[in-house]
A.B. asks: 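Structure incoming, see below.
Treat the numbers as computed from the prediction; the structure is a model and nothing was measured. So that the names make sense, note that chain A is the first sequence line, chain B the second, and so on, each numbered from 1.
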2 protein chains.
Amino acid sequence: MAELVNVMPLFNDLAKIEHEHRVACQDCSLFRLCLPLGLQNSDLAQLDTIIKRSQSYKRAHTLFSTGNEFKSLYVVRSGSFKTTISAVNGREQVTGFYFPGEFIGLDAIHQQSYQSNAKALETSSVCELPFENLQDIGKQMPQLQIQLLTRLSKELSSDKNLMLLLGKKTADEKIATFLLSLSKRFHDRGFSATEFQLTMSRSDIANHLGLAVETVSRVMSRFQEDGLIEINGKAISLLNTTAINVMCG
Amino acid sequence: MAELVNVMPLFNDLAKIEHEHRVACQDCSLFRLCLPLGLQNSDLAQLDTIIKRSQSYKRAHTLFSTGNEFKSLYVVRSGSFKTTISAVNGREQVTGFYFPGEFIGLDAIHQQSYQSNAKALETSSVCELPFENLQDIGKQMPQLQIQLLTRLSKELSSDKNLMLLLGKKTADEKIATFLLSLSKRFHDRGFSATEFQLTMSRSDIANHLGLAVETVSRVMSRFQEDGLIEINGKAISLLNTTAINVMCG
DNA sequence: CAGATCTCTTGATATAGATCATGGAAATAA
DNA sequence: TTATTTCCATGATCTATATCAAGAGATCTG
């Protein structure tokens with residue numbers, strides 16, 4: 001890691017470390033969760049050359065909007081994002097939340113333009129993968145192609161589960177399912193499975209789950225009364241994951 | 001097309017012609033809509049060698065079920081299918097309907113096992129694409145890899161739109177959107193955009209759209225009273241597509 | 001840091017669509 | 001063919017959750 005820390009002022013220095021701007025894939029803490037999984041060292045080095053590591057974006061920064069020309073896939077490096085699509089009449093649906101190691105923009109490939117809007121929920125950074133370059137180097141890396149397909153397939157699968165949630169679950173089941181999904185993802189990333197921050201607003205959660213904000217508040221308050229969780233603004237603790245699991249339906 | 005028609009009894013003969021069992025990709029009427037789009041002739045011939053063309057399946061035939069080992073992707077060749085996923089408590093969600101040229105099983109790639117159930121809605125046939133073979137020949141066919149990614153991406157995109165429908169649309173908007181989606185897909189396949197058969201039951205439609213069967217019946221009846229459509233059992237005519245379009249929200 | 005603007009919570013009320021109920025029409029089986 | 005089952009349409013009623021309302025925090029902003 002040949003970093004230029006010694007010539008940087010402290011502020012930038014900290015920011016760089018915090019968001020690991022210059023960390024190569026093989027040294028990145030997300031390695032296990034990210035695209036390079038399964039690649040040879042030489043392939044990895046080549047992948048590394050096409051990746052553009054972003055500066056950190058502030059909350060509400062727009063990564064791309066519907067209709068923008070598709071050039072790159074993005075992998076969340078730090079922080080979190082939400083994606084939305086909008087109906088003609090202005091109604092919006094939050095189609096997903098994205099955490100470190102997860103891909104954004106996969107639904108843009110077929111139209112060569114982004115089909116959704118992606119926005120940072122907090123201070124965040126991404127790795128940008130220019131799609132043409134990715135295809136170029138992919139020609140000699142079957143493993144990379146499989147990784148890509150696997151990513152797409154995984155998102156497809158979780159979208160189908162979200163359909164089940166939206167179409168068939170009650171408000172309680174929706175919230176329980178949502179909380180456990182977050183828990184699992186944080187755990188996979190080496191964080192606590194029971195204590196974490198909800199980086200998205202209640203209204204984003206409500207929208208994503210096909211509920212009204214008020215319903216989200218009420219259900220969460222009730223879950224708290226029943227000793228299932230403890231909430232403190234954005235901070236949440238899962239006190240009884242077994243019970244929450246049962247509630248998922 | 002070296003067909004063995006002359007040694008076959010009449011019944012099989014007719015069945016073969018009806019479902020084009022032996023038609024190579026380059027002679028298939030679905031060519032424009034299907035995987036081979038954009039492939040060189042030589043590549044096409046190679047793709048042809050790995051494709052297994054199924055016999056025709058009867059209504060309700062199960063193509064695969066959740067948990068089955070993933071070996072192949074399927075492309076609908078004739079007829080139609082539905083896919084479903086089930087919650088632990090037995091509730092099911094119809095996650096999609098599939099028509100000729102459309103892929104089934106894309107969400108199985110990442111787990112190497114099918115994540116849903118696929119069932120024929122009528123007499124139907126498929127082209128089976130053994131995934132390993134597909135990956136093998138894909139190594140020398142970047143265009144094939146891109147086609148695959150494109151397919152995945154397209155389904156992802158339409159799933160996000162379904163989320164919008166499930167999460168934000170009224171019963172009327174859901175039905176209107178659904179009818180237009182079918183209309184477009186039939187039109188793309190060279191059939192009438194305004195007159196077609198609903199090969200799925202009302203209850204499949206209801207389930208897919210997150211509604212009760214009764215609601216589907218009622219909304220369709222009202223659409224008929226209002227002169228938007230005409231229904232006769234499974235047969236439907238769209239009489240005023242402009243108005244239906246406006247209703248999609 | 002004071003004012004403005006969002007965000008969250010909780011209560012009261014309304015409603016879209018679910019559920020229950022019934023009869024007739026199709027499809028399937030025997 | 002007849003019997004049986006599934007599917008579809010329509011009416012009556014109910015309910016889960018939306019909407020409306022209002023106040024308390026939290027967070028922005030000049």
Side-chain angles (χ1 to χ4, degrees), chain A residues 58-61 82 91-94 119-123 165-179 197-226 229-236 247 249, chain B residues 58-61 82 89 91-94 119-123 165-179 197-226 228-236 247 249:
Chain A
K58 276 196 286 197
R59 196 180 116 72
H61 172 89
K82 68 170 175 183
R91 274 175 297 182
E92 284 214 322
Q93 171 75 26
V94 174
K119 217 175 226 189
L121 293 171
E122 59 189 311
T123 303
L165 177 146
L166 287 168
K168 297 278 162 321
K169 295 193 177 185
T170 65
D172 284 17
E173 292 170 338
K174 286 176 176 181
I175 302 276
T177 307
F178 176 67
L179 291 178
Q197 295 287 321
L198 300 171
T199 57
M200 66 294 293
S201 68
R202 299 289 192 272
S203 112
D204 284 338
I205 297 174
N207 184 305
H208 184 53
L209 303 179
L211 296 171
V213 202
E214 294 92 330
T215 307
V216 173
S217 265
R218 275 188 261 268
V219 172
M220 284 191 166
S221 298
R222 187 155 36 75
F223 279 11
Q224 179 160 239
E225 278 168 37
D226 297 350
I229 64 176
E230 195 175 315
I231 0 174
N232 221 303
K234 299 265 179 198
I236 186 161
M247 300 207 60
Chain B
K58 276 197 284 196
R59 194 179 118 71
H61 172 88
K82 69 170 174 183
N89 53 21
R91 274 175 297 182
E92 283 215 322
Q93 172 74 26
V94 173
K119 215 173 228 191
L121 293 170
E122 59 189 311
T123 303
L165 176 145
L166 287 167
K168 295 279 161 323
K169 294 193 178 186
T170 65
D172 284 18
E173 291 169 340
K174 285 175 177 181
I175 301 276
T177 307
F178 175 67
L179 291 178
Q197 297 286 322
L198 301 171
T199 57
M200 66 295 293
S201 68
R202 300 287 193 272
S203 110
D204 285 338
I205 298 175
N207 183 304
H208 184 51
L209 302 179
L211 296 172
V213 203
E214 295 92 329
T215 307
V216 172
S217 268
R218 276 189 259 270
V219 172
M220 284 191 167
S221 298
R222 185 155 39 73
F223 278 10
Q224 181 161 238
E225 278 168 37
D226 298 350
L228 296 177
I229 63 176
E230 196 176 313
I231 1 175
N232 221 303
K234 299 265 180 196
I236 188 163
M247 299 206 62

A.B. asks: If I take atom NZ in residue B:Lys169 and atom P in nucleotide C:dA16, what distance separates them, rounded to the nearest angstrom?
C.D. replies: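 It is 18 Å, rounded to the nearest whole Å.
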A.B. asks: Return the value, rounded to whole Å, for the distance between atom CD1 of B:Ile175 and atom C1' of D:dA9.
C.D. replies: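 The distance from CD1 of B:Ile175 to C1' of D:dA9 comes to 14 Å, rounded to the nearest Å.
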A.B. asks: Donor-acceptor check, side chain of B:Lys174 to backbone of B:Leu209, threshold 3.5 angstrom: yes or no?
C.D. replies: yes
A.B. asks: D:dA9 P sits how many Å from B:Phe223 CZ, rounded?
C.D. replies: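 The answer, rounded to whole Å, is 14 Å.
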A.B. asks: Does the distance from a Lys or Arg side-chain N to an Asp or Glu carboxylate O, for A:Arg202 and A:Glu214, drop under 4.0 Å?
C.D. replies: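 Between A:Glu214 and A:Arg202 there is no salt bridge, as every charged N stays at least 4.0 Å from the carboxylate O atoms.
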A.B. asks: We want to know whether B:Thr199 and B:Lys234 form a side-chain donor-acceptor pair, criterion being a heavy-atom distance below 3.5 angstrom.
C.D. replies: no
A.B. asks: Using a strict heavy-atom distance below 4.0 Å, which residues from residues 199-210 of chain B are in contact with DNA chain C?
C.D. replies: B:Gly210
A.B. asks: Rounded to the nearest Å, what distance is computed from the CG atom of residue B:Leu166 to the P atom of nucleotide C:dA18?
C.D. replies: 12 Å
A.B. asks: Indicate, with a heavy-atom threshold strictly under 4.0 Å, whether B:Ala212 touches base, sugar-phosphate, or nothing.
C.D. replies: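 Counting heavy atoms under 4.0 Å across all strands, the contact made by B:Ala212 includes a base.
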A.B. asks: State which of C:dA18, C:dA12, C:dT9 makes the closest approach to the side chain of A:Arg218.
C.D. replies: C:dA12
A.B. asks: For the side chain of A:Ser221, starting at C-beta, report the closest nucleotide among C:dT10, D:dT17, C:dT19.
C.D. replies: C:dT10
A.B. asks: Does any non-hydrogen side-chain atom of A:Leu211 lie less than 4.5 Å from one of A:Ile175?
C.D. replies: yes
A.B. asks: If you look at every heavy atom in B:Ser221 and B:Ile231, which pair is closest and at what distance?
C.D. replies: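 Shortest heavy-atom contact: N-CD1, 4.3 Å.
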A.B. asks: Rounded to the nearest Å, what distance is computed from the CZ atom of residue B:Arg59 to the P atom of nucleotide D:dC7?
C.D. replies: 7 Å
A.B. asks: Which listed nucleotide (C:dA18, C:dC8, C:dG11) is nearest to the side chain of A:Glu214?
C.D. replies: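 So the nucleotide nearest the side chain must be C:dG11.
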A.B. asks: Output, in order, the C-alpha distance, side-chain angles, deciding distance and verdict of salt bridge (Lys or Arg N to Asp or Glu O under 4.0 Å) for B:Glu173 and A:Arg91.
C.D. replies: CA-CA 13 Å; B:Glu173 291 169 340; A:Arg91 274 175 297 182; 2.9 Å; yes
A.B. asks: With a 4.0 Å limit, can you tell me whether A:Lys234 has a side-chain N or O closer than that to the phosphate oxygens OP1/OP2 of C:dC8?
C.D. replies: yes
A.B. asks: Please check if the side chain of B:Gln224 supplies one atom and the backbone of B:Glu230 the other of a donor-acceptor pair under 3.5 Å.
C.D. replies: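 Absent.
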A.B. asks: Among the candidates C:dA18, D:dT19, C:dG17, find the nucleotide nearest to the side-chain atoms of B:Thr215.
C.D. replies: C:dA18
A.B. asks: Taking CG from B:Asn232 and C1' from D:dC7, how many angstroms apart are they, rounded to a whole number?
C.D. replies: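 That distance rounds to 15 Å.
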A.B. asks: Take the protein atom NZ of A:Lys168 and the nucleotide atom C1' of C:dG17, then report the distance between them rounded to whole Å.
C.D. replies: 14 Å
A.B. asks: Between P on C:dA16 and CZ on B:Arg222, what's the gap in Å once rounded to a whole number?
C.D. replies: 11 Å
